[in-house]
There are 4 protein chains.
Amino acid sequence: MRSDARRNRDLILGAAVDLFIERGPAASMEEIARSAGLGVGTLYRHFPDRQSLLEEIAADSLRRLYDYAQARLDTAPSGWDAFVGIIEQCVALPLALTKAVSETPLDKPELDALAERSDALIAEAVTRAQKQGDLRRDLSPAQVADMLSVIVCRPGIRPGDPLITVFLDGLRLRPA
Amino acid sequence: MRSDARRNRDLILGAAVDLFIERGPAASMEEIARSAGLGVGTLYRHFPDRQSLLEEIAADSLRRLYDYAQARLDTAPSGWDAFVGIIEQCVALPLALTKAVSETPLDKPELDALAERSDALIAEAVTRAQKQGDLRRDLSPAQVADMLSVIVCRPGIRPGDPLITVFLDGLRLRPA
Amino acid sequence: MRSDARRNRDLILGAAVDLFIERGPAASMEEIARSAGLGVGTLYRHFPDRQSLLEEIAADSLRRLYDYAQARLDTAPSGWDAFVGIIEQCVALPLALTKAVSETPLDKPELDALAERSDALIAEAVTRAQKQGDLRRDLSPAQVADMLSVIVCRPGIRPGDPLITVFLDGLRLRPA
Amino acid sequence: MRSDARRNRDLILGAAVDLFIERGPAASMEEIARSAGLGVGTLYRHFPDRQSLLEEIAADSLRRLYDYAQARLDTAPSGWDAFVGIIEQCVALPLALTKAVSETPLDKPELDALAERSDALIAEAVTRAQKQGDLRRDLSPAQVADMLSVIVCRPGIRPGDPLITVFLDGLRLRPA
DNA sequence: AATGAATGAGCTTTCATTCAT
DNA sequence: AATGAATGAAAGCTCATTCAT
């Protein structure tokens, strides 16, 4: 891939994320291209249709989440710490878009695979935290992962959002 | 308002809510009218544009929420009980639509007023619960109301969702 | 169907045929609508996409051809006369469009059925003419029908075209 | 012209003819270039626009037809033989494309000149055949040439097509 | 000289909204 | 008052053509 093409691809993804955040998921392809400083044709060369642009945004977030979660699991002193770190990373990603943008179901198999791999990592953190007695045991790791995505996949969420504190407190198992 | 007009109006609102739930917020005016067994013209006689249909759906939910919250505050044995009851009512309303349907920001003053009145009632329940020592005090009533709307305004939420349990546990202040 | 809708439908078909003849099969939907004195939306209400407009034009011609061929077979004094009459009718229809317009294969089952029924009638005329000793017997009725469509389905063909004379003379079996 | 440039030019013309036959006249410049194993840029270096590519394909056919007709006229034992030979040559050329490809009227003067020169040769064969009593005299040579182009310029025509037999029989003047 | 990325006009199609019946 | 036909702006997408690499 030529260096200018790579640059344009990134410009497009950036502009799309910004516009989707700013104007909601109805932002038009024309707007996105224009806001990236490019013509529509260029947008369509990189992403053959609207769907595939959305998918790529989602895939990007999921890949970054996966990488982060992996690293965190390797280094965190406890399952709980890993879990908290993953949540914090999630709110920093435009993961929100994954859900918010996609009324269209985005069912690309690659995406499902990515989501599964990330979920597996989150489940791993949850399981460890449960074993270590830091996280309530009346929920399955999958249920916890689902909740996490609800909390975290919202446009406008910011690190330090009080909802996160409450959510973590609701999950935590504290020693009597 | 003549009784058949009233009936048509209700048919439309019902069909719209169903379609929005089933097909997402992109359901067209034509579809809605057709699924209510009416022509588009009739739909437009009742709601001068799409926006005002959305607003009316939202207003409907908010009115019902308000009525319920009011009743609950009057009868519940404690602030906490009132709060829990309100949450449970919320998930039973198509409140989810209020958010889901409206990427378009529904800024009708009447709606804001309704939302404010409902929020005030929720804040009242929160304040009482805080005073009675059942709900953590490091959050303002407004913050709690915001969280509640996040938890509750999601398409597909069902009574008994584990997220609600966790959320309530995170908010609850339990005696040592 | 309301009378104005019927009128508009006919306006559209007429305008489309004229434009396709005048400007070739690339005439745009916008042009067609405009030239019928209507908005694009109206065109699309009558024909849900470009394809179905083309199909309707083709079907119209085939239906008229069928009706004509039927009548002709019933009344013509001989198979040969019927055959000649059918050819003459063909050049008067915008049958040319059927072929010319359709790079798109137009594979609507109804169309195929119509074409088959017309072909059967042509084959009937051919067979009769062969039995009556007026048409050469070294060709199958289907082959003759194919040739006929080549001769006749050309934009710009006019009644009395010398090619038709030559074609008929080439087919005719004259008594020694 | 360098030998590789010549080669590329021929690759392009070949690919274009094949694609037009296979996929109809809507084949895109990109497809043509790709199917010739080249980039679009190279295509445009050889043919400044789509039109000129089409024109060159047509010119190529006409030049070959001219050469063949010339040779045939010089060697055929009779006008009729020359005429028949020319027809047979025509169906072997991608002459069909000349018409099929060009809904766009190819009005390059050079093309007209080529067509005229070829027509003149065909007219010569016709005139000779008429004088020799082999071809009906109620048609002008130009009319016959026109018919010939109708018969012959169709995608999919093959040597031995029965239409050619019929056409020749219709033109032939047989001794009583 | 060759490549293929970028461009944007233009095409098909949809849908909120208006208006004749 | 109800209907659904008509409208046209705007969206998604394609492709001939240009131009940077």
Side-chain angles (χ1 to χ4, degrees), chain A residues 1-9 11-12 26-34 36-53, chain B residues 2 4-5 8 26-34 36-53 104, chain C residues 1-9 11-12 26-34 36-53, chain D residues 2 4-5 8 26-34 36-53 104:
Chain A
M1 186 175 240
R2 248 160 62 177
S3 71
D4 58 340
R6 173 91 235 154
R7 214 190 77 252
N8 284 340
R9 194 193 139 90
L11 281 174
I12 291 167
S28 79
M29 297 298 266
E30 185 75 35
E31 273 180 313
I32 293 169
R34 203 54 54 197
L38 299 166
V40 237
T42 307
L43 200 169
Y44 278 94
R45 166 174 284 270
H46 287 279
F47 305 96
D49 54 23
R50 176 172 243 273
Q51 183 73 358
S52 70
L53 171 59
Chain B
R2 268 166 44 181
D4 60 340
N8 283 344
S28 77
M29 297 297 267
E30 182 75 33
E31 273 180 312
I32 294 168
R34 202 52 50 196
L38 302 167
V40 241
T42 309
L43 197 169
Y44 275 90
R45 165 166 300 273
H46 287 280
F47 304 95
D49 56 21
R50 177 173 242 270
Q51 185 71 359
S52 68
L53 171 60
T104 335
Chain C
M1 187 175 238
R2 249 161 60 178
S3 70
D4 58 340
R6 174 91 234 155
R7 214 190 77 251
N8 284 340
R9 194 192 140 91
L11 281 175
I12 290 167
S28 79
M29 296 297 266
E30 185 75 36
E31 273 180 312
I32 293 168
R34 203 54 53 197
L38 300 166
V40 236
T42 307
L43 199 170
Y44 276 91
R45 166 173 285 269
H46 287 280
F47 304 97
D49 55 22
R50 176 172 244 272
Q51 183 73 358
S52 69
L53 172 58
Chain D
R2 267 166 44 179
D4 60 340
N8 283 345
S28 78
M29 296 298 266
E30 182 75 34
E31 274 180 310
I32 294 169
R34 201 53 51 197
L38 301 167
V40 240
T42 308
L43 198 168
Y44 274 89
R45 164 166 300 273
H46 287 280
F47 303 95
D49 56 21
R50 177 173 241 271
Q51 185 72 0
S52 68
L53 171 60
T104 336

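All values below were derived from every heavy atom in this structure, side-chain atoms included, with hydrogens, water molecules and symmetry-related copies excluded. Chain letters run A, B, ... following the sequence lines, proteins first, then strands; residues in each count from 1. Every value quoted in this text rests on a predicted model; they were computed, and no experiment measured them.
The distance from atom OH of D/Y44 to atom P of F/dC15 is 12 Å, rounded to the nearest whole Å. Rounded to a whole Å, the CG atom of C/L38 is 5 Å from the P atom of F/dT7. One can place CG of A/L53 at 14 Å from C1' of F/dC13, the figure rounded to the nearest angstrom. Spacing between atom CG of B/L43 and atom P of F/dA2 amounts to 12 Å, rounded to whole angstrom units. Here E/dC11 presents its P atom at 11 Å from CD1 of C/I32, a figure rounded to the nearest Å. In this structure, the CG atom of C/D4 is 12 Å from the C1' atom of F/dT3, given to the nearest Å. When rounded to the nearest whole Å, the span between CZ of C/R50 and P of F/dT14 equals 16 Å. Taking atom CE of C/M29 as the reference point, atom C1' of E/dT14 lies 13 Å away to the nearest angstrom.
Contact annotation: the side chain of D/N8 never approaches that of D/R45 to less than 4.5 Å [non-hydrogen atoms, C-beta and beyond]. Counting heavy atoms from C-beta on, the side chains of C/F47 and C/M29 never come closer than 4.5 Å.
In this structure, OH in B/Y44 is found 8.0 Å from CZ in B/R50, a value given to the nearest 0.5 Å. Note that the CZ atom of A/R7 and the CZ atom of A/R2 stand 11.0 Å from one another [nearest 0.5 Å]. Remark: D/L43 CG to D/E31 CD distance equals 12.0 Å, nearest 0.5 Å. With rounding to the nearest 0.5 angstrom, the CD1 atom of C/I12 is 9.0 Å from the CD1 atom of C/I32. Taking CZ of A/R9 as the reference point, atom OG1 of A/T42 lies at 14.0 Å (rounded to 0.5 Å).
Along DNA chain E, the nucleotide nearest A/R2 and the nucleotide nearest C/P48 are compared for position; the residue whose nucleotide lies closer to the 5' end is A/R2. When each of C/G41 and A/G41 is assigned the nucleotide of DNA chain E bearing its nearest heavy atom, the one mapping closer to the 5' terminus is A/G41. When the nearest nucleotides of DNA chain F are assigned to A/A27 and B/E30 by heavy-atom distance, the more 5′-ward of the two goes with B/E30.
Under 4.0 angstrom from either OP1 or OP2 of E/dC15 there lies no side-chain N or O belonging to B/S28. Checking the phosphate oxygens (OP1, OP2) of F/dA2, a side-chain nitrogen or oxygen of B/N8 falls inside 4.0 Å. Close to F/dA1, at under 4.0 Å from its OP1 or OP2, lies no side-chain N or O of B/H46. Using a 4.0 Å cut-off, some side-chain N or O of D/R34 falls inside it from OP1 or OP2 of E/dG4.
D/R45 contributes no side-chain N or O that forms a donor-acceptor pair with the base of E/dA1 under 3.5 Å.
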- prompt: For DNA chain F, what string of dots and brackets results from 5' to 3' when Watson-Crick and G-U pairs need both distances under 3.5 Å, crossing pairs get [ ], and pairs with another strand get |?
  reply: .||||||||||||||||||||
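Distances were taken from every side-chain heavy atom of D/V40 (C-beta onward) to each of E/dG4, F/dT21, F/dA2; the shortest belongs to E/dG4. For D/T42, the listed nucleotide lying nearest its side chain is E/dT3; candidates were E/dG4, E/dT3, F/dT3.
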